Number of protein chains: 2
Amino acid sequence: MPVSIRDRMADAIRFLSLDAIERATDGHPGAPLGCAEIITALFTRHMKFDPQNPLWPDRDRFVLSNGHGSMLLYSALHLSGYEGISIDEIRNFRVLGSHTHGHPERAPELGIEVTTGPLGQGIANAVGMAVAEARLAAFIGPDIVDHRTFALVGDGCLMEGVGQEVISLAGHLRLGKLCFLWDDNRITDDGSTDLSISEDVRGRFRIAGWQVIDVDGHDIDAVTEALKAADADEHPSMIACTTVIGRGLPRLEGRRGAHGGRVYSADLVEAREAAGWTHGLFEVPSDVYKAWTDGASVRNRPNVAAWEAAVAALPANRRAEFERLMRGDLPDGWREMLTAHRKRLAEEATTRSSNEATAEIVNLLAETIPELLPGAPDLEGPTNCKGKLVAFTAEEPTGRYLHYGIREHAMGSMMNGIVAHGGVLPLGATYLVFSDYMRPALRMAALMDLPVVTIYSHDSIGIGRNGPTHQPVEYLASLRAMPNMAVFRPADAVETAECWELALDRRGGPSSMICSRQPLQALRCDGGTQNKSAAGAYVLAEAEGGPRTVTLLATGSEVALAVAARDRLQADGVATAVVSMPCWELFEAQSVAYRNAVLGPGTIRVGVEAAVRQGWDRWIGPNGGFVGMTGFGASGASDDLYRHFGITVGAIVEQAKSRIEKNFEQISLAQF
Amino acid sequence: MPVSIRDRMADAIRFLSLDAIERATDGHPGAPLGCAEIITALFTRHMKFDPQNPLWPDRDRFVLSNGHGSMLLYSALHLSGYEGISIDEIRNFRVLGSHTHGHPERAPELGIEVTTGPLGQGIANAVGMAVAEARLAAFIGPDIVDHRTFALVGDGCLMEGVGQEVISLAGHLRLGKLCFLWDDNRITDDGSTDLSISEDVRGRFRIAGWQVIDVDGHDIDAVTEALKAADADEHPSMIACTTVIGRGLPRLEGRRGAHGGRVYSADLVEAREAAGWTHGLFEVPSDVYKAWTDGASVRNRPNVAAWEAAVAALPANRRAEFERLMRGDLPDGWREMLTAHRKRLAEEATTRSSNEATAEIVNLLAETIPELLPGAPDLEGPTNCKGKLVAFTAEEPTGRYLHYGIREHAMGSMMNGIVAHGGVLPLGATYLVFSDYMRPALRMAALMDLPVVTIYSHDSIGIGRNGPTHQPVEYLASLRAMPNMAVFRPADAVETAECWELALDRRGGPSSMICSRQPLQALRCDGGTQNKSAAGAYVLAEAEGGPRTVTLLATGSEVALAVAARDRLQADGVATAVVSMPCWELFEAQSVAYRNAVLGPGTIRVGVEAAVRQGWDRWIGPNGGFVGMTGFGASGASDDLYRHFGITVGAIVEQAKSRIEKNFEQISLAQF
């Protein structure tokens, strides 16, 4: 019996994937083989997108959450007609320099919406995308914004905590345009799923308010019907697709080894025989190519045309607003607003925590930036970024504040999805210690170059009595260790406003806005219009009465201690400068000349930060002093803790003076 | 109507808590007031423990997972008769130097089994404790080990991903002696739980295989009956206790502000009037004290006596074994085994990955150490620590390998619980990139001084084609930033064996064993019995032909590159030493003299590590060179990536030579 074109479309995925994985001598065959029919149904019969217009704003979003099955996606993208995924790219799967990476890496122009691989991240991104769509549709109108988000998901994503968090929240938010397709193959890397899970996964979705549809994942027609049923329901849908892992690879299908096992050239022969696939390596017959592009591209062209007409028919101001949102530009006026605010702060010289200063700015931004969507994981009160905003809910999609629940990881990953989608600007706020809960998401934002801004309040032992569980000491170092993460720790309200301008300007990566709980004295009353924090570090107070002998370097709440220490040292005749370093990453990018002018090589340098020393040696040199933490904090009043841990004006003065007395030259280069 | 002694026992918790929170001007009244009856029932009528013998090995474990309600625990411990929690401690709640910290901090002798506060961690610890109990009971016998684990849990713990992970796994493992008491008060910090959750929480437990019991949380008799029903069931039980948050505090009860709102002196008066509590501040009448100690301590004395008799009746060798396990000592012979293995490795000089070398050691340890419980989150194959071990399951509690499922965070937090329980030695193994998923658990291990060892394989771009999502670059820095975490990165099989000895010897904090996927050349063929890694860093190859000009410092897989670079430099007449630095934390603890002897101050120093530079400036000084990563990795073959990112023998030689040519003195102190 000849194989139908329908089934050969799926087989084309199988053989492109097998050939590529065999050639790479590395890869995961299980998902591309097991999900070939699911993806054929989704891409060629259901999903609204156009490979000829890959960045079409109203396209449906697809996320391969089980990113190890990357060849599934690359095969489908190639067959769909994405120019960037040529047959040569398929041949060069996993070769340095190709676009067909081991795991998919965000490139919307190639049809890859997000980087996936670390499990659970992808479906959480998808939930964020569905939130962005719902919020944007409510703002712009459903004639312009009306698309769906699909995610293919394996068992791993559903076992991961972050996956569980977003299942719960997506159900609560009743994201009706969200659909997960579960590759229910009953196999993980260890073997049978029975080894580690016995819960009713379908039931888990149902109790969270999802529609659950069961389907044979190898029946393209049945999957197509299920997708229609998903569309028709007002709840998010989970289509449980029963599949055979590695289907079509006789040696491995249905077995543990199929997940990530090696594919050999003999397998290519055997699989071809089993499927009746008579074509050579990386060869796809023209009727199969045509059926794919008809299904994926031609089918959707009327949709694109209709949408373009609807956009053209928008009133000019609405259209301009929509186009601005799609470009990711902020509305005019935000910078002027922020500059005026900064000037006011400098004039008023008010003592306030950088948390308060941030909340004030977020509330101002919310007035200027309609796409702003602040939110917090159940810390609305302490982080205080809600202001007058109404909550975003199933009933109020025009709402502009997101209650994430006590789900930090979900917040982080959903923000990535929201930013990757575009048109909505999320701002998540939590305590700095909880950044560890969302760290895998922060890493993905950094890796995807996504400009995601997170606010972290309660940044040190300065929080006081809640104790060491809630006192960050290693977090500045661990966030600074992450490539492409900008870490801002402002010293007062004016610096806070400066750092906000910089974070909003940053388009190629995430920012962490680190804020104190305790009040910070106003240090910057200059009122100038120059954003001094833009250089990452600057001389806040130059030495007086002679050439600089001592340079005190500090960030955030400790800059005030350095200023007080300078007063004492100057009074004792020691010419001392204070350098504020709100953003190391920006400072690192300055010229050597500027950095040397700020750091004062040859002077006695003391770093001050209520955190661990790691990283400071870069700035203070081998003879430098450091006043900070050497271990975890403790439960007690903030002032008691600063004294207890020796982070005091006296300690800074003593560190500087003891180095002057020892005579700089006598200190061996490796004396620590 | 006079208030019964039963209800006054609960009121005693309320007033001690209120008085303490008011005095501290800070704290969370909601849980102590809302759960007073639950804890009274559990502590005075049900739980098997004895405040006079706080370390009794067969005591039931209690975890306050909603750690912000710490005064609930301190009040109950004081009333139960724990000497260390005196009334003065209660008065000094949240004062620096007291034991009554803002959140409970592990101190089993005071009745505090684990440190809690970051939500979700406590219940995951509890699941780990229940695993330890089941495993230990299977090993030692149910006449000696037969106790339960109880956790009080709030909404936050159940929303957190890690909580969801352990609910699933505990149900799968059918941990029948585990019982959660859910403080179902329908209020979180943001307000009504309706803001962020609408799922059927009871249903979520049921579909995971838990028994769910509903009860009025303010009815001591009903809670007691529910606890009996929990005991009787072979599944883990969740008792859903309907409560009123802040009950007994008229101004706040049932309201959002009750969670963490300030308590004022007027509240103490109002609450006393409402409850008919006529006693002064911090005053508990003697009949209430007596009822508490009768219930908590006297009730349990026969249990302790019977248990002591059973232990005394054990055959001497079984008894000695049990006592060894309870002390946390390893069995005789492990060190000799490891030393012999190391010697053999040095003789054979075999090239193998440190991942393979580690797996081999774990398999050997499993033969020697019966309490060893390796496990992995669905990476049994790649981490390869199962060997011949049978899986630990509901049916096979004698099993010695734990399939955690794709739940890294659960693994981390459960290991903390297992180690806190004692008697079982868990070893979790996963990829280094997934350590971020468990980072909040790692922090708790470090904070609790728990000797938890985690194995991280696939430690750099050396993994190759899986790409940047799976290539750690910032992880060495972020783990080293954590206080009390020892990070081991061995350079070959011999160093791997040395590091294992050090990790197993380390009793006061966690260890991270960082392993390569790619094969590592044998560098240590000395065969000596000295554990050179014990100093954290050592001179692997001294300079020859003159005083040392260059010092190359490296870790792990990059040490071999440094050795090859040294060969070239020596051939060119540059006297060059190689320093291997398997554990920075141990090196930091050495004398200045030793560190200087190793680091070679005044020589040209170049650090080599396939990771970011952060932290290296401490060792290489301001004129030092660094060969490593400056950003994320890429997808490609391992060798291609090392070349692409310039981590090569040539680059190391060039870094050293360019510094020699420039003349050390001419390099400004702040040239970066």
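The structure presented is a predicted model; accordingly, all values stated were derived computationally and were not measured.
Neither the backbone nor the side chain of B:Y431 comes within contact range of chain A; no heavy atom of the residue lies under 4.5 Å from a heavy atom of that chain. Contacts between B:A441 and chain A at a heavy-atom distance below 4.5 Å are absent for every atom of the residue. For B:V95, the parts lying near chain A are the backbone and the side chain together; criterion is any non-hydrogen pair under 4.5 Å. Within the 4.5 angstrom heavy-atom criterion, atoms from both the backbone and the side chain of B:R443 approach chain A. Looking at B:V201, neither its backbone nor its side chain comes within 4.5 Å of chain A, counting heavy atoms on both sides. In this structure, no portion of B:P104 lies under 4.5 Å from any heavy atom of chain A. B:A208 touches chain A through backbone and side chain together, each having a heavy atom under 4.5 Å away. Using a 4.5 Å cut-off between heavy atoms, B:M444 contacts chain A through its side chain alone, with no backbone atom that close. Contact annotation for B:H68: neither backbone nor side-chain heavy atoms come within less than 4.5 Å of a heavy atom of chain A. Of the atoms belonging to A:S168, heavy atoms from both backbone and side chain fall under 4.5 Å from chain B. Contacts between B:D194 and chain A at a heavy-atom distance below 4.5 Å involve the backbone alone (N, CA, C, O). The contact between B:T188 and chain A is made by backbone and side chain atoms together, counting heavy-atom distances below 4.5 Å. Heavy atoms of B:S70 lying under 4.5 Å from chain A are absent altogether.
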Practice problem: Test side-chain hydrogen bond (donor to acceptor under 3.5 Å, both in side chains) on A:Q164 and B:R407 and set out the steps. | Solution: CA-CA 11 Å; A:Q164 290 287 318; B:R407 305 181 184 100; over 6 Å; no

Quiz prompt | Pair B:Y437-A:R439, side-chain contact (heavy atoms from CB on, under 4.5 Å): steps then yes or no | solution = CA-CA 7 Å; B:Y437 275 75; A:R439 194 167 164 91; over 6 Å; no

Exercise. Check the pair A:D200 / B:R206 against side-chain contact (heavy atoms from CB on, under 4.5 Å), numbers first and verdict last.
Key: CA-CA 9 Å; A:D200 170 11; B:R206 281 196 196 96; over 6 Å; no

Self-check item: Stepwise side-chain hydrogen bond (donor to acceptor under 3.5 Å, both in side chains) test for A:H172 and B:S198
Solution: CA-CA 5 Å; A:H172 174 71; B:S198 47; 3.0 Å; yes

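Side-chain atoms of B:R480 do not come within 3.5 Å of backbone N or O of A:Q614 as any donor-acceptor pair. Judged purely by atom type and a 3.5 angstrom limit, A:E199 has no side-chain atom pairing as donor or acceptor with the backbone of B:I207. The backbone N or O of A:R94 sits less than 3.5 Å from a side-chain atom of B:R465, completing a donor-acceptor pair.
Annotation: side chain of A:D189 is in contact with side chain of B:P382 (closest heavy-atom distance under 4.5 Å). Looking only at side-chain heavy atoms (C-beta outward), B:L96 and A:S635 stay at 4.5 Å or farther from each other. B:M159 places none of its side-chain heavy atoms less than 4.5 Å from the side chain of A:L169.
Top candidate by heavy-atom pairs under 4.5 Å with chain A, chosen from B:E165, B:E408, B:R204, B:R174, is B:R204. Chain A forms more heavy-atom pairs under 4.5 Å with one residue of B:D26, B:V612, B:L447, B:D640 than with any other, namely B:L447. Chain B forms more heavy-atom pairs under 4.5 Å with one residue of A:P118, A:G209, A:G464 than with any other, namely A:P118. Most heavy-atom pairs under 4.5 Å with chain A: of the set B:T393, B:L379, B:T115, this distinction falls to B:L379. Among the candidates A:A634, A:A446, A:G621, the residue making the largest number of heavy-atom pairs closer than 4.5 Å to chain B is A:A446. When the candidates A:P440, A:S478, A:G203 are compared by the number of heavy-atom contacts under 4.5 Å with chain B, A:P440 comes out ahead.
Counting all heavy atoms, side chain and backbone alike, A:P468 lies closest to B:E105 at CD-OE2, 3.1 Å. The minimum heavy-atom distance between B:D190 and A:G381, with the atom names listed, is OD1-N, 4.3 Å. Minimum interatomic distance between B:N466 and A:H28 (heavy atoms only, all atoms of both residues): OD1-CE1, 3.9 Å. Pairing each heavy atom of A:R618 with each of B:D617, the nearest pair is NH1-OD2, 3.6 Å. The heavy-atom pair separating A:A481 from B:A477 by the smallest distance is CB-CB, 3.8 Å. Here the closest non-hydrogen pair linking A:G631 and B:P483 is CA-CB, 3.8 Å.
The CE atom of B:M485 lies 9.5 Å from the CD atom of A:E474; values are rounded to the nearest 0.5 Å. How far CG of A:D378 is from OG of B:S196: 6.0 Å, rounded to the nearest 0.5 Å. Considering OG1 of B:T469 and NE2 of A:H103, their distance stands at 4.5 Å, rounded to 0.5 Å. Separating the NE2 atom in B:H409 from the CD atom in A:E160 is a distance of 11.0 Å, to the nearest 0.5 Å.
The pair A:E380-B:R256 counts as a salt bridge, with a side-chain nitrogen and a carboxylate oxygen less than 4.0 angstrom apart.
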